[in-house]
Structures are given as structure tokens and as C-alpha cells.
Enquirer: 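First, the structure itself, so that you have it in front of you.
Quick note: residue numbers are just sequence positions, from 1. One-based numbering, in listed order, for ligands and for the atoms of each.
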Amino acid sequence: MGIPVILDCDPGIDDAFSLAMAVASDDLDVLGVTTTYGNVGLELTTTNALRVLDWLGSDIPVYKGIDQALLGKVVDAAAVHGATGLEAPEIGPPTTTPQAEDAISFLIRTLRESEDKITLVASGPLTNLAMMLRLAPDVAAKIERIVFMGGSTDYGNDSPAAEFNMMCDPYSAQIVLDADVPKTMFGLNLTHQVLVTPQRKQAMHDLGNDTGRVFADMCGFFEKIYHSLGFEGPALHDPCTVAWVLQPELFETRSMRVDVETNTGLSFGRTVHDIWNIAGKDRHTDVALKADAGGFFDLMNGLLGRLR
Ligand code: BDR
Ligand code: CA
């Protein structure tokens with residue numbers, strides 16, 4: 001059996017890559033996919049998770065999560081991911097439906113029932129995980145680690161200060177960071193090192209299967225926006241989390257205290273990194289600082305190449 005994981009996501013183009021990598025890997029035992037609002041609304045992110053899994057021939061169950069932040073205005077990233085969140089016409093409508101159980105109940109039940117600790121891989125706003133921790137604090141002891149994409153040691157992408165997933169729900173993010181659980185963070189400072197350059201896009205396209213071609217075309221959808229920001233190609237933020245679970249040696253991390261700014265103002269939603277441990281608090285998060293991008297793409301293409 002592989003490493004037991006649950007993916008909490010808001011597909012989303014880069015979330016779709018995470019799903020595909022997880023489906024392809026023999027080293028993971030994906031117990032379920034839970035969905036959150038985020039890139040687009042919850043109905044669409046849930047539909048997109050089902051679309052991708054169905055198209056890949058996977059029967060991993062999908063559980064629908066919460067549809068809004070604990071507090072604050074609704075934000076989305078439809079400008080980056082398209083109105084449906086996944087503009088990939090070849091990946092048709094889903095043929096399956098989400099499970100009747102909601103995501104938070106599924107997470108709590110599965111963690112409580114499991115003999116082994118489970119790794120939670122989060123690639124959207126952290127509201128589902130925060131609700132789980134508030135409703136059932138005992139489950140923290142059953143979590144191997146929370147590996148999440150969000151925040152940044154430097155600048156933001158939703159505001160000058162804040163990264164999108166954090167900005168969606170900074171309060172939930174702080175609840176998750178405060179949990180007594182090991183954590184690994186992939187912020188923009190890291191994920192902007194993992195770019196789909198034209199050569200990498202071509203290599204993916206040339207894998208020789210439907211997945212390589214369709215996923216390379218999906219990158220084409222959001223590359224314009226990254227080019228306009230001065231990047232060589234779009235960043236594959238979310239799949240860094242799955243890649244770390246499979247091959248942590250691809251990333252350099254450093255332990256530090258991380259908090260989120262929850263006071264409104266210019267820095268609302270920004271992650272604050274105590275790299276020198278100035279506050280003397282527990283260094284509870286391993287923050288990814290450097291990626292072996294070539295190694296990441298080798299791993300990812302190897303996995304995508306196994307699919308349809
Ligand atoms: C994050 O925001 C979303 O748009 C992406 O899917 C990723 O999780 C990057 O800031
Ligand atoms: Ca995401």
C-alpha cells in the first residue's frame with residue numbers, strides 16, 4: 001500500500017495536475033478528494049474534480065466541502081483559470097457524482113477510523129481543514145502532515161502582499177497553522193521556480209498520450225497571464241505538494257514559524273515568516289525555499305506518461 005493521502009483542492013488548472021499525478025502514482029493511496037470553493041465556486045470545482053478523475057478512469061471518491069470562507073468577501077481566480085475553472089473541452093462533463101457525505105465529515109471520520117496517520121495535501125483555501133480542526137480537534141493526532149500550497153515568503157499574487165489561497169480565508173489559514181501538526185508549505189516564492197517553459201510544455205505535449213497533449217494545452221490557457229507578468233511560462237503551484245510527498249529531495253525546506261496577517265489593511269492575508277526565530281515561538285512549518293525544477297518535471301512527466 002502507498003502513503004495514505006487525502007487531496008483537498010479547488011480545480012483549477014494546477015490542481016488538475018495534482019490530481020493526475022496522484023492518480024498515476026503507485027506510491028500513494030488516495031483515500032479521497034475533498035473540494036473547496038476557490039479558483040471558482042464550489043459547484044464548479046467539484047464538477048472539475050469529477051471531470052478529471054472520470055476522464056482519467058479513476059474511481060477515487062469526491063466529497064464536496066464548504067462553499068465560502070469563515071468571514072469576508074468572496075474572491076475567485078476565474079480570470080486566471082477561466083470561467084469554469086478548467087477550460088479543457090476534451091475533458092467532458094462528469095459521469096459520476098460527489099459522495100453524499102460532506103468533505104468535513106469525511107475527513108473527520110476517515111482520520112478517526114484510520115490505523116495509520118494520513119497526509120493531507122491542500123491546494124486551495126484552507127477552510128475545510130480549519131472547520132475539521134475546530135469540529136474535531138482530536139483528529140490532529142491522526143494527521144501525518146499537512147502539505148499545503150499557499151502564502152509566500154515574498155510578494156503576493158492576489159494583492160501586493162497576499163497569495164490567493166491565503167487571501168481567500170486568512171482566518172482558516174491561521175487555524176491550520178496553529179494546529180499541532182507537522183506542516184510543509186509551498187508558497188509563491190517556491191512555485192514561481194516551477195514554470196512550464198515553452199520547451200517543457202512541448203515535452204509534455206510530446207509524451208504521446210492524451211493526458212500529455214490535453215494537459216499541455218491546458219497550460220496554454222493560463223500562460224498568457226504569466227507572460228504578461230514577465231514569467232517564461234505558467235507556474236505549476238499545486239503539484240509541488242504532491243511532488244514533495246513523492247520525492248521530498250526535490251525541494252529544500254527550512255523550519256520556521258509562519259503566521260498569517262488577519263488584521264485588515266495592506267498586508268491582509270500575507271504570510272509572515274520568522275526565519276530568525278525572533279519571536280521565539282515553535283518553528284512549526286517547513287517552508288519550501290528551493291526547487292529542483294528539472295527533477296520536478298521529470299517526475300511529473302513520468303507520471304502523466306502512465307495515464308491514458
Ligand atoms: C494558487 O491559487 C490558485 O489560483 C492556484 O490553483 C493555486 O492553488 C496560487 O496562488
Ligand atoms: Ca489551487
Side-chain angles (χ1 to χ4, degrees), residues 6-22 33-42 44-49 51-52 62 65-67 69 74-88 103 120-129 146-170 172-173 176 184-196 215 218-219 221-226 229 231 233-244 260 268-271 287-288 291 296 300:
I6 296 172
L7 304 186
D8 186 62
C9 58
D10 63 332
I13 300 170
D14 53 337
D15 302 82
F17 276 83
S18 293
L19 291 174
M21 288 171 73
V33 167
T34 54
T35 57
T36 169
Y37 72 93
N39 284 318
V40 285
L42 180 70
L44 284 169
T45 58
T46 305
T47 298
N48 291 340
R51 282 171 68 198
V52 171
V62 173
I66 200 157
D67 67 354
V74 176
V75 289
D76 71 40
V80 180
H81 296 260
T84 66
L86 201 65
E87 302 291 320
L120 305 183
V121 178
S123 60
L126 289 166
T127 319
N128 284 337
L129 300 196
I146 296 175
V147 184
F148 68 96
M149 191 283 138
S152 181
T153 61
D154 44 38
Y155 44 81
N157 62 356
D158 193 66
S159 78
E163 181 278 332
F164 176 76
N165 289 337
M166 291 288 132
M167 188 59 131
C168 282
D169 190 350
S172 286
V176 170
T184 303
M185 167 180 156
F186 289 85
L188 298 176
N189 59 289
L190 183 289
T191 60
H192 285 163
Q193 298 169 36
V194 181
L195 301 177
V196 188
F215 276 58
M218 260 198 273
C219 291
F221 186 82
F222 70 162
E223 74 188 344
K224 274 190 257 32
I225 204 154
Y226 279 86
L229 300 173
F231 291 102
L236 284 186
H237 309 280
D238 296 338
C240 291
T241 55
V242 175
W244 182 85
V260 186
F268 183 62
R270 182 182 191 116
T271 50
V287 177
F296 168 88
M300 192 181 79

Enquirer: Under 3.5 Å, is there a donor on one side chain and an acceptor on the other for Thr34 and Asp8?
Expert: yes
Enquirer: Please tabulate, line by line, the atom pairs linking an N/O of ligand 1 to a protein N/O at a distance below 3.5 Å, with the distance in Å to 0.1, or answer 'none'.
Expert:
| from | atom 1 | to | atom 2 | distance (Å) |
| --- | --- | --- | --- | --- |
| ligand 1 | 4 (O) | Asn39 | OD1 | 2.5 |
| ligand 1 | 4 (O) | His81 | NE2 | 3.0 |
| ligand 1 | 6 (O) | Asp14 | OD1 | 2.6 |
| ligand 1 | 6 (O) | Asp14 | OD2 | 3.3 |
| ligand 1 | 6 (O) | Asp15 | OD1 | 3.1 |
| ligand 1 | 6 (O) | Asn39 | ND2 | 3.1 |
| ligand 1 | 6 (O) | Asp238 | OD2 | 3.1 |
| ligand 1 | 8 (O) | Ser123 | O | 3.1 |
| ligand 1 | 8 (O) | Asn165 | ND2 | 3.0 |
| ligand 1 | 8 (O) | Asp238 | OD1 | 2.6 |
| ligand 1 | 8 (O) | Asp238 | OD2 | 3.1 |
| ligand 1 | 10 (O) | Asn157 | ND2 | 2.9 |
| ligand 1 | 10 (O) | Glu163 | OE2 | 2.4 |

Enquirer: Would you say the side chains of Thr36 and Asn128 form a donor-acceptor pair under 3.5 Å?
Expert: no
Enquirer: Looking at the Ca ion (ligand 2), is there an N, O or S atom belonging to Ser123 that lies under 3.0 Å away from it?
Expert: yes
Enquirer: Find, among atoms of Asp238 that are N, O or S, the one nearest to the Ca ion (ligand 2), and state its name.
Expert: OD2
Enquirer: Parallel, tilted or perpendicular: which one describes the rings of Phe231 and His192, with boundaries at 30° and 60°?
Expert: tilted
Enquirer: Could you please compute the angle at the Ca ion (ligand 2) from OD1 of Asp15 to OD1 of Asp10, rounded to 10°?
Expert: 80°
Enquirer: Got a sec, which residues hit side-chain contact (heavy atoms from CB on, under 4.5 Å) with Ala22, two or more places apart in sequence or on another chain?
Expert: Leu7, Leu28, Val30
Enquirer: For His237 and Tyr226, take the angle between the two ring planes, folded into 0 to 90°, and tell me which bin it lands in: parallel under 30, tilted 30 to 60, perpendicular over 60.
Expert: tilted
Enquirer: Would a distance-only check, ignoring hydrogens and angles, find a side-chain to backbone donor-acceptor pair under 3.5 Å from Asn189 to Ala288?
Expert: yes
Enquirer: Side chains of Asp169 and Thr127: donor-acceptor distance under 3.5 Å anywhere?
Expert: yes
